[in-house]
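The structure appears right after this line, and notes come after that.
To find a chain, count down the sequence lines: A is the first, B the second, and so on, and within it residues start at 1.
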2 protein chains.
Amino acid sequence: MSTTPQATPRRATITDVAREAGTGKTSISRYLNGEMSALSSELRARIEAAIARLDYQPNQMARGLKRGRNRLIGMLLADLTNPYSVEVLQGVEAACHALGLMPLICHAANEVEMERRYLQLLTTYRVEGVIVNALGVREETLRPVGGGGIPAVLVDRLVEGLVADMVGLDNRAAAELGTRHLLDQGFDEIWFVVQPFEQVSSRQLREVAFRDAMRAQAAAHGTKRKAIARGHTLVLNLADPAEVERSLAELDRTLDAVGSVGVIGHAGEPNQAARVALFAANAPVALCLALHLKARYGADWQARVALLSIDDPDWAELAGITTIRQPTYEIGYRAVEFLHERIEGVQTTARDCLLPGELIVRASTSR
Amino acid sequence: MSTTPQATPRRATITDVAREAGTGKTSISRYLNGEMSALSSELRARIEAAIARLDYQPNQMARGLKRGRNRLIGMLLADLTNPYSVEVLQGVEAACHALGLMPLICHAANEVEMERRYLQLLTTYRVEGVIVNALGVREETLRPVGGGGIPAVLVDRLVEGLVADMVGLDNRAAAELGTRHLLDQGFDEIWFVVQPFEQVSSRQLREVAFRDAMRAQAAAHGTKRKAIARGHTLVLNLADPAEVERSLAELDRTLDAVGSVGVIGHAGEPNQAARVALFAANAPVALCLALHLKARYGADWQARVALLSIDDPDWAELAGITTIRQPTYEIGYRAVEFLHERIEGVQTTARDCLLPGELIVRASTSR
DNA sequence: CTGTTAGCGCGTTCAG
DNA sequence: CTGAACGCGCTAACAG
């Protein structure tokens, strides 16, 4: 029970092993680096034994210092609270594992200052590269990476003036996919709800694609659709409760104006009243909307308004909302692969890897 | 646009700075370590300038090598997919920040082999300590930490034969709190649903506390309650879909037997049929249950069975289920504080820090 | 106050 | 095949 917590007994060094094996450090080093061809099998056996006996483990820091590379890469995440981040992380970890890299995970928690500090810290630890899911698009703080600095690859969003590989969702296609789905389902009042997007390229792209898709529909109208569906963009600043309040109030006015929508599912008979749908730009927005609607219209809120979201959080199935799932795991995996290539010296111009989203239709948007 | 991605121009070293400032390395080192009292203001100014001009950043690896401490600690997480982990992580990060530590976050993704590898890796990077949210309770793989090895503090669960500080929820109190609440609300059929618990101490404690609370209620019966509530424990092995299927089927049989429970909310009139409640030992279990019930009984499943869960994931409010929220942030924070003390050489016997959970009552369990 | 001299643990020539 | 010697970037005595 009462094990004496004695001070760590100083780990064995390569010198200790050499002495124990009755040889020089060089041979040990060679053994560690797999240069077996340069060791007599007899010596090798002695080394093996010595290592086991001393429970020796090479000091990565020291090796890194010497050879100039420590197999460390930084993974800078804007917000771990977003399931998206965690999922991407899984891919990153798998890839690192496969490539012999060690990811230093840093969580900026939506604070620019944190991001700056972590980047500085990573630099200080001489990571060989960084994968960054930046907070914003115009960050001076990211100057030390990419371009002339340390290799970097961007995830999900671009950063102005920072030339680097980037991998993420094909936002344009995804937003189109979602919009078309809602249109096909006959919704004629569609609100695209998104966090402030001037600062985040992926949000910008989604918003633009939404508007474009709505416009295209309007242009093609008359061919098969009877009425032109109306599209709106609503900004929801999740960082500011007061603003959220105001935005939601605006939304409520529209919903109230539309009045009591007939119960959906009436033998396929299309409703006379406008059918309204909300298109959330990501999961946090979707959650905020769902919570609000539930509070306002009760458990039955989905009968009144449909909800579709980019991102497919675990509660989506429970709430029965339609989603566009991002290939998060692959995004993370590819990011590491790109970075690894850069670290190995690949010099091609900055690459973009846009992966497709997958529409998952649930009760919320189907009759 | 086409910035030439030139190879990293080799960072400046302390020697470069010394030359640039026309002085010796020692003075630079002193400057870096804040020993300002030992530097003439003139020299200090020159150093400052040189550092700025060269954009010098001290190499943490090299420092660590020399002084024997690198300010790195390991954070080993069993499952980042569990919101609990992410929340604890926030506390850990905040504390590290405050104490000048850098956490290396490692995600075992529920695989013992991963856990082993990461532990080995951390050791290899000479972290000064580790915070471990272990996969299981009887892991040989954790031998290198705690006791004679590197300082460690456990989070949420104990590990057999590993003497170390531990911080987590007061499981006994939390399970009692939940059970009493359900009893007070008049439920007479309560199922405690938990993942396989032989391997995880926190699950064990919760399950035992649940049974104890049910037994206590039975003993005290006759004083104020009319009927003795019945308690059951159901094991849900989320890692094995087939087993999950079987367990849920067992649950279904009970629910079906209880038959169509009268609609709750009938003017406070207690129902004649048994009222059944599910007590999920953690969020993943709760989600699994909720998904199943919804699939089986439709969107209105909560009218048929109540759900209470330890952990308070973001979707709990949306689903309207009652929860017991863990003080996750503080758990993480305290863990780092403990570890820091150990690193600084504190030698007291292993400490336990049990923090209380908070009951959050929602529609699911209130009439 | 300041510079010199040794290493920290390891990899790497370069001669045996 | 093997080992001695040097240096990575930095800190810590030890003198001036």
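Applying the salt bridge (Lys or Arg N to Asp or Glu O under 4.0 Å) test to B/E330 and every residue at least two apart in sequence or in another chain returns nothing. Looking at residues two or more places apart in sequence or on another chain, you find a side chain to side chain contact (heavy atoms under 4.5 Å, CB included) between A/R67 and A/N33, A/R63, A/R69. Partners of A/A94 by side chain to side chain contact (heavy atoms under 4.5 Å, CB included), not counting sequence neighbours, listed by chain and number: A/Y329, A/Y333. Remark: A/T141 engages A/V112, A/E115, A/R116, A/L119, A/E139 in a side chain to side chain contact (heavy atoms under 4.5 Å, CB included) (not counting sequence neighbours). Remark: A/L72 pairs with A/N70, A/M102, A/L104, A/V127, B/M61, B/Y125 by the side chain to side chain contact (heavy atoms under 4.5 Å, CB included) rule, at least two apart or across chains.
Screening residues 95-108 of chain B for side-chain hydrogen bond (donor to acceptor under 3.5 Å, both in side chains) gives A/E93-B/H107, A/R117-B/H97 as the qualifying pairs, with residues at least two apart or on separate chains. Pairs of residues two or more places apart, or lying in two chains, that qualify as salt bridge (Lys or Arg N to Asp or Glu O under 4.0 Å) and include a residue from residues 150-163 of chain A are A/R138-A/E160, A/D156-A/R206.
Annotation: side chain of A/T13 is not in contact with side chain of A/N59 (no heavy-atom distance under 4.5 Å).
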Pairs of donor and acceptor atoms involving the side chains of residues 19-27 of chain A, under 3.5 Å and at least two apart or interchain, shall be tabulated with distances.
residue	atom	partner	partner atom	Å
A/R19	NH2	A/D16	OD1	3.3
A/E20	OE2	A/R53	NH1	2.3

Show every donor-acceptor pair shorter than 3.5 Å between a side-chain atom in residues 74-91 of chain A and any protein atom, with sequence neighbours excluded, or say none if there are none.
residue	atom	partner	partner atom	Å
A/D79	OD1	A/T81	N	2.9
A/N82	OD1	A/Y84	N	3.0
A/S85	OG	A/D79	O	2.8
A/E87	OE1	A/T328	OG1	2.8

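Counting non-hydrogen atoms under 4.0 angstrom, A/S37 reaches the backbone sugars and phosphates but no base.
Rotation axes derived from the C1' atoms of the five outermost pairs at either end of the helix from C/dC1-D/dG16 to C/dG16-D/dC1 lie 40° apart, to the nearest 10°.
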Checklist entry - Which letters describe nucleotides 7-14 of chain C, given B = protein heavy atom under 4.0 Å from base, S = only from sugar-phosphate, - = neither? => result BBBBBB-B

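Here chain B contacts DNA chain D (any atom closer than 4.0 Å to a heavy atom, that is under 4.0 Å), and the contacts span D/dG9 to D/dC14 from 5' to 3'.
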